A.B. asks: 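Sharing a structure here in C-alpha cells format.
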Amino acid sequence: MLDQLEAALRPPKLEMAPYPAKHILLANGETLVVRPASMDEADVLLEIIDPLKTLDRDFYDIVSARLYAELLGWKRHRVRNEYCLVGVINGELAGIVNGRMFDEHHGISYHTLALKRGLRIGAHLFASKMEHHIEYLGQDEVWIVAESPIGHRRWMIEYPLQQKFSIQHELGGAPSWVLTRETYFKARPRLVTGTRPVPEELLACSHPIRKPDLRTMLVQIGDTLEAKL
Ligand SMILES: CC(C)(COP(=O)(O)OP(=O)(O)OC[C@H]1O[C@@H](n2cnc3c(N)ncnc32)[C@H](O)[C@@H]1OP(=O)(O)O)[C@@H](O)C(=O)NCCC(=O)NCCS
C-alpha cells in the first residue's frame, strides 16, 4: 500500500493500450526487435544512457540528459501516462523512444535516441512511436519538436509534419510540430515497417537488455589524434 503522501504525489493514470512487439530486418542483415520497456528495466536504461549525457556531438548530450530525467520520472511515478519503447539487437540496446499521452486525443513525443548509427534505427523507432500513438493508443495527433538538425530532417521533413504556432510543446522549445492521423497514414507505407508477431525465441533474446559497446560513439572528435593534427 502506498502511504497517503506518496499517493498524493503520483499522477492520475489513463488506460493505455500495450504496444505489440515487432521485428525489423535492418540494411546490414541484423534484426531489430522493437518492444515496450517495462518499468523494472528503467535502471538498466538509465545506466546505459548516463555516459551519453556529456557527449558533445549531434546533440546527444541534451537529448540523453532529458531522456534520462524522463525515464527517472517514469520510474519514480512523477510523469503522467509515459511509455518507453526499446530497439534491441541480439540482446543489446540499439535505441530508445519515449512519449506520453497528454490526454486521450493528444500525444506528446519526447525523445528518440539511436545508440547504433547508420542503420536508420532512430527513424524506425520514431516511426514505431508514431504507430503507437495513432494505431494503438488511438490518438488524433502527436506533438513533436526536434532538438537536432538530424531530428528535424528525419521527422519534420521526411513525414512531413506541419508546424502549429499556437501549440507550445512541453519541452518548451520551438513552436510544436504536429503529426495528424492523415499525415501518419500517408507516410505509413514509406516509413512504418516491421513484422508481427515476434517469434518467441527472438523476443526472449531481447531480455535482459544488455549494454552495447559505446566506446566508438563516446570518442569526442576533439580528443582524436586526427583532430589534434
Ligand atoms: C536523430 C537520430 C535518432 C536519428 O537516428 P537514425 O535514423 O538511426 O540515424 P543516424 O543517427 O544513424 O544517422 C543520421 C545521420 O547521421 C550521419 N551518420 C550516419 N552514420 C553515422 C555514424 N556512424 N556516425 C556519425 N554519423 C553518422 C549521417 O549523416 C546520417 O544521415 P543520413 O542517413 O540521412 O544520410 C540519431 O541521430 C540520434 O540519436 N541523434 C542524437 C539525439 C537526437 O538528435 N535525437 C532526436 C532529437 S529530435
Side-chain angles (χ1 to χ4, degrees), residues 22-34 37 45-46 48-71 84-89 92-100 107-133 142-164 167-179 187 190-194 211-224 226-227:
K22 66 181 181 181
H23 59 106
I24 298 172
L25 182 63
L26 299 172
N28 69 348
E30 289 181 318
T31 299
L32 179 74
V33 173
V34 183
L45 299 180
L46 293 173
I48 296 172
I49 297 166
D50 190 55
L52 295 168
K53 293 190 301 192
T54 51
L55 178 60
D56 180 10
R57 186 187 313 144
D58 292 341
F59 297 86
Y60 269 82
D61 48 6
I62 183 167
V63 170
S64 304
R66 288 179 142 188
L67 177 59
Y68 190 99
E70 289 152 6
L71 295 180
C84 172
L85 308 180
V86 285
V88 182
I89 300 173
E92 288 185 357
L93 187 69
I96 310 181
V97 278
N98 69 331
R100 74 178 198 93
I108 306 272
S109 171
Y110 277 155
H111 288 100
T112 304
L113 189 74
L115 302 176
K116 189 165 182 171
R117 313 281 310 265
L119 294 166
R120 288 187 63 88
I121 287 170
H124 287 310
L125 288 172
F126 180 83
S128 306
K129 168 156 77 164
M130 298 304 115
E131 182 187 34
H132 189 33
H133 280 282
V142 189
W143 300 339
I144 301 153
V145 282
E147 281 148 320
S148 66
I150 298 176
H152 183 88
R153 210 165 67 227
R154 285 280 194 264
W155 334 135
M156 285 67 196
I157 311 287
E158 282 190 10
Y159 274 74
L161 303 180
Q162 303 157 329
Q163 194 165 27
K164 268 205 192 163
I167 300 175
Q168 184 178 150
H169 192 283
E170 65 191 47
L171 291 175
S176 195
W177 298 71
V178 174
L179 176 101
R190 271 188 302 122
L191 298 172
V192 186
T193 178
K211 188 179 186 159
D213 182 353
L214 294 177
R215 275 175 303 183
T216 313
M217 193 154 192
L218 288 170
V219 173
Q220 297 279 357
I221 305 296
D223 296 341
T224 60
E226 289 81 352

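All ligand and atom numbering here is 1-based and tracks the order in the structure. All figures in this text were calculated on a predicted structure; none of them were measured in a lab.
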A.B. asks: Exactly one of Val34, Leu93, Ile48, Val33 should register a side chain to side chain contact (heavy atoms under 4.5 Å, CB included) with Val86. Which one does?
C.D. replies: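 In the set Val34, Leu93, Ile48, Val33, the residue that makes a side chain to side chain contact (heavy atoms under 4.5 Å, CB included) with Val86 is Leu93.
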A.B. asks: I'd like to know whether His124 forms a side-chain contact (heavy atoms from CB on, under 4.5 Å) with Thr193, so could you lay out the CA-CA distance, the side-chain angles of the two residues, the decisive distance to 0.1 Å, and finally the verdict.
C.D. replies: CA-CA 7 Å; His124 287 310; Thr193 178; 3.5 Å; yes
A.B. asks: Only one of Phe126, Trp143, Trp177 clears ring-ring contact (aromatic ring centres under 6.0 Å, His included) with Trp155; which?
C.D. replies: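 Exactly one option meets the ring-ring contact (aromatic ring centres under 6.0 Å, His included) with Trp155, and it is Phe126.
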A.B. asks: Let me see the working for Arg120 and Leu191 under side-chain contact (heavy atoms from CB on, under 4.5 Å), right down to the final yes or no.
C.D. replies: CA-CA 11 Å; Arg120 288 187 63 88; Leu191 298 172; 4.0 Å; yes
A.B. asks: Could you give all pairs that pass the salt bridge (charged side-chain N to carboxylate O under 4.0 Å, His left out) test and reach residues 107-117, with sequence neighbours left out?
C.D. replies: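 Found Glu30-Lys116, Asp58-Arg117.
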A.B. asks: If every non-hydrogen atom of Val145 is compared with every non-hydrogen atom of Pro175, which pair is closest and at what distance?
C.D. replies: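 That closest heavy-atom pairing would be CG1-O, 4.2 Å.
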A.B. asks: For ligand 1, what is the set of protein residues having any non-hydrogen atom at a distance below 4.0 Å?
C.D. replies: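 The 4.0 Å shell around ligand 1 contains Asp58, Tyr60, Val63, Thr112, Leu113, Ala114, Arg117, Gly118, Arg120, Ile121, Gly122, Ala123, Ala146, Glu147, Ser148, Ile150, Gly151, Arg153, Arg154, Trp155.
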